[in-house]
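Down below is the structure, laid out as structure tokens.
Excluded from the calculations below are hydrogen atoms, water molecules and symmetry mates; all remaining heavy atoms, backbone and side chain alike, are included.
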Amino acid sequence: GTKGLSYVYRLIAEQGDILEMKEGICFVNGKNVDTNKNLMQNYIAGHEIYKHLTKIEELEAKGYLRVLSDTLLEVFLTTKEAAVMREKGVKTDKVVYKSKEGIMGEFKWMKKDSAWTIDNFGPLKIPKDCFFVLGDNRHNALDSRFVGFIKKENYKGSVLGIN
């Protein structure tokens, strides 16, 4: 289990906020909160990306690089890395989950629309004395989309900076 462990996630929304995820972009009270964040997400790319990737063995060891076919790969990239690949002429398409197939969490805690996925859900009002957190590695984080709202008494504090 995870009892007694602490996790660090981005605080996205607190009580009374209206949260919505559209095509993998997070909105709080109608405002895009993902703007200018260097998030990590899954991308589909052609095999030509190999010549531009560094640390291929490390990516494969973490499960962050998978061969899908003779021509396509799935790779975890940061927002900035994906932009650099596009500048180099490598087509990268962000994966957006539109159905629950292949997703770890089932959103049972939401008890809402069964069509909700990790990339498309809401609007969702954050209850009293609760928080909603998201990992920056959006397709590989055990965050509020899977564990539910974080109750105020379980919130330990805020990270102000990372060196």
Side-chain angles (χ1 to χ4, degrees), residues 6-14 17-107 110 113 115-124 126 131-150 157-163:
S6 293
Y7 294 89
V8 177
Y9 289 111
R10 190 177 295 274
L11 176 61
I12 296 294
E14 49 194 338
D17 286 339
I18 305 296
L19 175 77
E20 200 162 4
M21 186 75 80
K22 298 179 194 173
E23 301 295 307
I25 299 170
C26 186
F27 295 85
V28 176
N29 301 322
K31 182 178 182 252
N32 178 341
V33 296
D34 286 347
T35 302
N36 301 323
K37 290 193 178 60
N38 193 27
L39 303 174
M40 182 175 266
Q41 292 178 294
N42 292 35
Y43 289 84
I44 304 294
H47 282 251
E48 71 273 11
I49 199 171
Y50 272 121
K51 64 184 172 197
H52 302 289
L53 289 174
T54 58
K55 303 178 188 170
I56 291 171
E57 295 80 17
E58 184 182 323
L59 288 169
E60 288 174 334
K62 287 182 173 180
Y64 286 5
L65 178 64
R66 297 185 312 125
V67 174
L68 298 177
S69 71
D70 290 345
T71 58
L72 296 176
L73 300 165
E74 183 175 20
V75 60
F76 276 80
L77 297 171
T78 65
T79 307
K80 289 177 184 172
E81 289 169 336
V84 167
M85 292 299 164
R86 285 191 295 276
E87 286 170 12
K88 293 179 177 183
V90 178
K91 188 171 191 262
T92 57
D93 294 314
K94 185 171 76 169
V95 173
V96 176
Y97 291 104
K98 296 178 188 278
S99 73
K100 284 199 223 176
E101 292 175 29
I103 304 299
M104 296 178 345
E106 294 191 17
F107 298 93
M110 290 181 175
D113 182 349
W116 285 15
T117 71
I118 62 172
D119 286 331
N120 285 291
F121 63 87
L124 177 66
I126 310 304
F131 300 101
F132 194 96
V133 298
L134 287 176
D136 282 0
N137 188 338
R138 290 287 169 84
H139 289 148
N140 191 24
L142 194 59
D143 53 30
S144 285
R145 295 170 296 173
F146 298 96
V147 301
F149 300 113
I150 306 302
S158 298
V159 175
L160 300 177
I162 299 174
N163 291 330

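Separating the CG atom in L77 from the CE atom in M40 is a distance of 7.5 Å, to the nearest 0.5 Å. Considering CD1 of I126 and CD1 of I18, their distance stands at 7.5 Å, rounded to 0.5 Å. For the atom pair Y64 OH and N140 CG, the distance stands at 4.5 Å (nearest 0.5 Å). In this structure, CD1 on I49 lies 9.5 Å from NZ on K88, to the nearest 0.5 angstrom. Annotation: the span from R10 atom CZ to D34 atom CG amounts to 8.5 Å, rounded to 0.5 Å. The CG atom of N42 sits 13.0 Å away from atom CZ of R138, with the distance rounded to the nearest 0.5 Å.
Salt-bridge check for K37 with D136: failed, with every basic side-chain N at 4.0 Å or more from each acidic carboxylate O.
Exactly one residue among K94, M85, H139 makes a side-chain contact (heavy atoms from CB on, under 4.5 Å) with Y43. That residue is K94. A side-chain contact (heavy atoms from CB on, under 4.5 Å) with L59 is found for exactly one of L53, T54, L73, namely L53.
Residues G135 and A141 share a closest heavy-atom pair of CA-CB, 3.8 Å. Closest approach of G63 to F76, counting heavy atoms only: O-CE1, 4.2 Å. When every heavy atom of L134 is checked against every heavy atom of C26, the shortest pair comes out as CD1-SG, 3.9 Å.
The shortest distance between side-chain heavy atoms of N120 and M21 does not fall below 4.5 Å. Using a 4.5 Å heavy-atom cutoff, the side chains of L142 and Y9 are in contact. Side-chain contact between D143 and I12: absent, with no pair of heavy atoms (C-beta onward) separated by less than 4.5 Å. A 4.5 Å side-chain heavy-atom check between N38 and E81 finds every atom pair outside the cut-off. Within the 4.5 Å cutoff, the side chain of F121 has heavy atoms near those of the R145 side chain.
For the residue pair H47 / D70, no side-chain donor-acceptor distance below 3.5 Å is found, with atom types taken as modelled.
Side-chain atoms of T79 come within 3.5 Å of backbone N or O of L39 as a donor-acceptor pair.
Aromatic ring pairs are classed by plane angle as parallel below 30°, tilted from 30° to 60° and perpendicular above 60°; the pair F132 and F149 is perpendicular.
Other residues, nucleotides and ligands contribute more than 12 heavy atoms inside 6.0 Å of the CZ atom of R86.
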